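Worksheet for the structure shown next.
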Amino acid sequence: MITKNVSNVAKALEGVSSNMTLMLGGFGLCGIPENSIAELVRLNISEIICISNNAGVDDFGLGLLLQKKQIKKMISSYVGENAEFERQMLSGELEVELIPQGTLAERCRSAQMGIPAFYTPAGYGTEVSKGKEVRDFEGKPHLLEHAFKADFSLIKAWKGDTAGNLVFKGTARNFNAPMAGAANICVAEVEELVPVGKLDPNQIHIPGIFIDRIFQGKNYEKRIEQRTLTQK
Amino acid sequence: MALDKNGIAQRIAQEVQYGFYVNLGIGIPTLVANFVQDGLEVEFQSENGILGMGPFPFEGEEDADLINAGKQTITALPGASFFDSSMSFGMIRGKHVDLTILGAMEVAENGDIANWKIPGKMVKGMGGAMDLVASAENIIVAMQHTNRAGKSKLLKRCSLPITGVNCVKKIVTDLACLEISNEGFVLLERAPGVSIETIKAATEGNLIIPTTVPEMQL
């Protein structure tokens with residue numbers, strides 16, 4: 001087996017620097033790479049371009065990087081939960097590219113799968129279609145969308161082994177799976193890192209070939225954004 | 001009397017048929033699940049990666065790894081499945097999801113919908129709405145007939161940036177149930193006690209009024 005595990009987050013993020021394009025997994029705060037985000041804050045790098053479905057909340061997730069003005073540009077589909085984000089965007093401090101969520105996911109997956117571009121109907125006739133090639137298939141207009149290019153993808157899984165094989169839990173799979181192997185270097189953090197042989201090969205969601213470095217994360221907060229309950 | 005949010009959801013629930021996979025948007029659409037006929041075999045999809053979404057959890061059973069697209073804690077029903085965002089939108093783009101129910105700020109008489117942006121004011125993003133409206137064949141909009149200022153949300157043309165073109169099939173508002181035709185909004189049903197005149201006055205786009213317009217049966 002090829003060993004992918006590194007001892008800590010600092011080693012895992014070696015080579016990350018200012019002006020890079022980073023992909024970050026998660027949907028809302030569900031499945032975000034908490035340890036890697038904390039390390040980006042500690043490294044204090046700036047002018048980052050972030051590809052991430054959301055921008056965290058004011059005091060957690062990518063909100064931590066926004067607070068310190070480390071992000072130059074966000075490429076996201078929905079950013080409604082973060083007031084500081086909205087302020088920086090409306091004031092022009094932060095560049096923002098909003099793209100449809102399915103297109104965002106597929107641009108990640110295309111990068112992962114080596115497909116340079118694809119056609120999708122999402123966004124046709126809206127401001128998203130501006131400047132894009134339009135082509136009809138079976139009478140329906142589609143937009144040409146390109147695979148992302150990124151320096152690092154930072155993802156989070158539930159369990160992983162030292163060969164980089166990953167297993168996700170619940171709805172935390174979201175963008176973490178299509179971002180695996182979608183950048184030059186893919187770093188996976190896991191709640192539980194196990195020796196090879198401990199995971200059932202039938203149950204692997206992402207094979208280790210897509211992962212360059214894997215490490216055991218710690219102190220997961222796993223915050224809940226909207227705690228909605230059924231009354232007993 | 002005009003319907004409240006639950007009334008709108010209750011009327012839309014009548015559109016949910018046996019064997020449907022349904023995507024529910026945030027807001028009133030989420031309430032539709034509460035009114036689907038007992039025993040009807042349907043599955044709710046949430047685009048962040050679950051089919052077979054169940055009700056909110058009981059206190060103490062909430063799980064940070066189990067949320068819907070509105071970031072609310074949910075449960076998974078027996079037979080549920082989890083998947084990634086790319087596969088989720090594959091289900092939507094590939095037309096495997098039978099019905100999409102979502103909210104809107106404006107709908108135009110040609111089926112255009114605007115629900116993601118108010119320039120200079122609200123710029124939260126489109127989330128999955130553009131993908132949903134571009135691919136779904138059966139889209140029902142749940143919304144109020146007029147906005148807070150009393151202006152019609154059923155227009156000749158959308159004034160806000162649109163989310164998709166010619167895509168809405170049906171609209172259920174607090175006042176009426178309408179269908180989009182080539183000529184405009186066809187008034188199918190009135191909310192209980194609401195007059196045709198009231199609906200007419202609240203509709204800016206072309207309103208087609210058939211000879212009989214029954215009241216909704218709720």
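It should be emphasised that the depicted structure is a prediction, and the values quoted were computed from it without experimental measurement. Side chains included, hydrogens not; waters and symmetry mates left out as well; all remaining heavy atoms used. The chains referred to below are lettered A, B, ... by the order of the sequence lines, with proteins before strands, and numbering in each begins at 1.
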Roughly how far, to the nearest 0.5 Å, is CZ of A:Phe118 from CZ of B:Arg93?
6.5 Å

Contact summary for A:Pro121 and B:Ser135, nearest pair of heavy atoms
CG-OG, 3.6 Å

Contact origin within A:Val128 toward chain B - heavy atom pairs under 4.5 Å
side chain

A quick test of your reading: do over 12 heavy atoms of other residues, nucleotides or ligands sit less than 6.0 Å from NZ of A:Lys218?
no

Step through the shown structure and confirm whether more than 12 heavy atoms of other residues, nucleotides or ligands are within 6.0 Å of CE on B:Met91.
yes

Neighbour count above 12 (heavy atom, 6.0 Å) for A:Arg87 CZ
yes

Looking at CZ of A:Arg173 and OG of B:Ser85, how far apart are the two atoms once the value is rounded to the nearest 0.5 Å?
10.5 Å

Any chance CD1 of A:Ile209 has more than 12 other-residue heavy atoms, nucleotides or ligands included, within less than 6.0 Å?
no

Heavy-atom distances under 4.5 Å only: say whether B:Asn166 touches chain A with side chain, backbone, both or neither.
neither

Measuring from atom CH2 of B:Trp116 to atom OG of A:Ser77, what distance do you get when rounded to the nearest 0.5 angstrom?
10.5 Å

So does B:Asn182 have more than 12 non-hydrogen atoms from other groups sitting under 6.0 Å from CG?
no

Hey, is CZ on A:Phe210 packed in by over 12 heavy atoms from elsewhere, all under 6.0 Å?
yes

Do any of residues 219-232 of chain A come closer than 4.5 Å to chain B, heavy atom to heavy atom, and if so which ones, in number order?
A:Lys222, A:Arg223, A:Ile224, A:Glu225, A:Gln226, A:Arg227, A:Thr228, A:Leu229, A:Thr230, A:Gln231, A:Lys232

Atom CG of residue position A:Asn202 - does it have more than 12 heavy atoms of other residues, nucleotides or ligands inside 6.0 Å?
yes

Is it true that atom OH of B:Tyr21 has more than 12 heavy atoms of other residues, nucleotides or ligands lying nearer than 6.0 Å?
no

Are A:Tyr124 and B:Met130 close enough that some pair of their side-chain heavy atoms sits under 4.5 Å apart?
no

Find the one option among B:Ile92, B:Asp84, B:Thr163 whose heavy-atom pairs under 4.5 Å with chain A are most numerous.
B:Asp84

Any residues in residues 137-148 of chain A near chain B, with a heavy-atom distance under 4.5 Å, and which are they?
A:Lys140

Residues of residues 182-193 of chain A under 4.5 Å from chain B (heavy atom pairs)?
A:Glu191

Interface moiety of B:Phe56 toward chain A, non-hydrogen atoms closer than 4.5 Å:
both

Where B:Val123 and A:Leu98 come nearest, the two heavy atoms and their spacing:
CG1-CD1, 3.9 Å

Side chain, backbone, both or neither: which part of A:Leu104 has a heavy atom under 4.5 Å from chain B?
neither

Nearest heavy-atom approach of A:Pro100 to B:Asp131 is CB-OD2, 3.3 Å

For residues 52-60 of chain A, give me every residue with a non-hydrogen atom less than 4.5 Å from any non-hydrogen atom of chain B.
A:Asn54

Quick one: which of A:Gly80, A:Ala105, A:Gly102, A:Ala122 has the most heavy-atom pairs under 4.5 Å with chain B, could you say?
A:Gly102

Least distance between heavy atoms, A:Glu86 atom then B:Lys121 atom
OE2-O, 3.8 Å

Heavy-atom closest pair (A:Cys30 atom, B:Ile67 atom, distance to 0.1 Å) is CB-CD1, 3.5 Å

Supply the atom-to-atom distance B:Phe83 CZ to A:Asn174 CG, rounded to the nearest 0.5 angstrom.
11.5 Å

Separation of A:Glu106 CD from B:Phe89 CZ (nearest 0.5 Å)
11.0 Å

Taking every heavy atom of B:Gly164 against every heavy atom of A:Thr126, the minimum-distance pair comes out as N-CG2, 4.0 Å

Between atom OH of A:Tyr78 and atom CE of B:Met126, what is the distance when rounded to the nearest 0.5 Å?
12.0 Å

Interface check, chain A: of B:Val165, B:Leu66, B:Asn48, most non-hydrogen pairs under 4.5 Å belong to B:Asn48

Considering only heavy atoms and a distance below 4.5 Å, find which of B:Gly60, B:Pro55, B:Ala80, B:Ala69 pairs most often with chain A.
B:Ala69

Under a 4.0 Å threshold between the charged nitrogen and the carboxylate oxygen, would B:Asp65 count as salt-bridged to A:Lys169?
yes

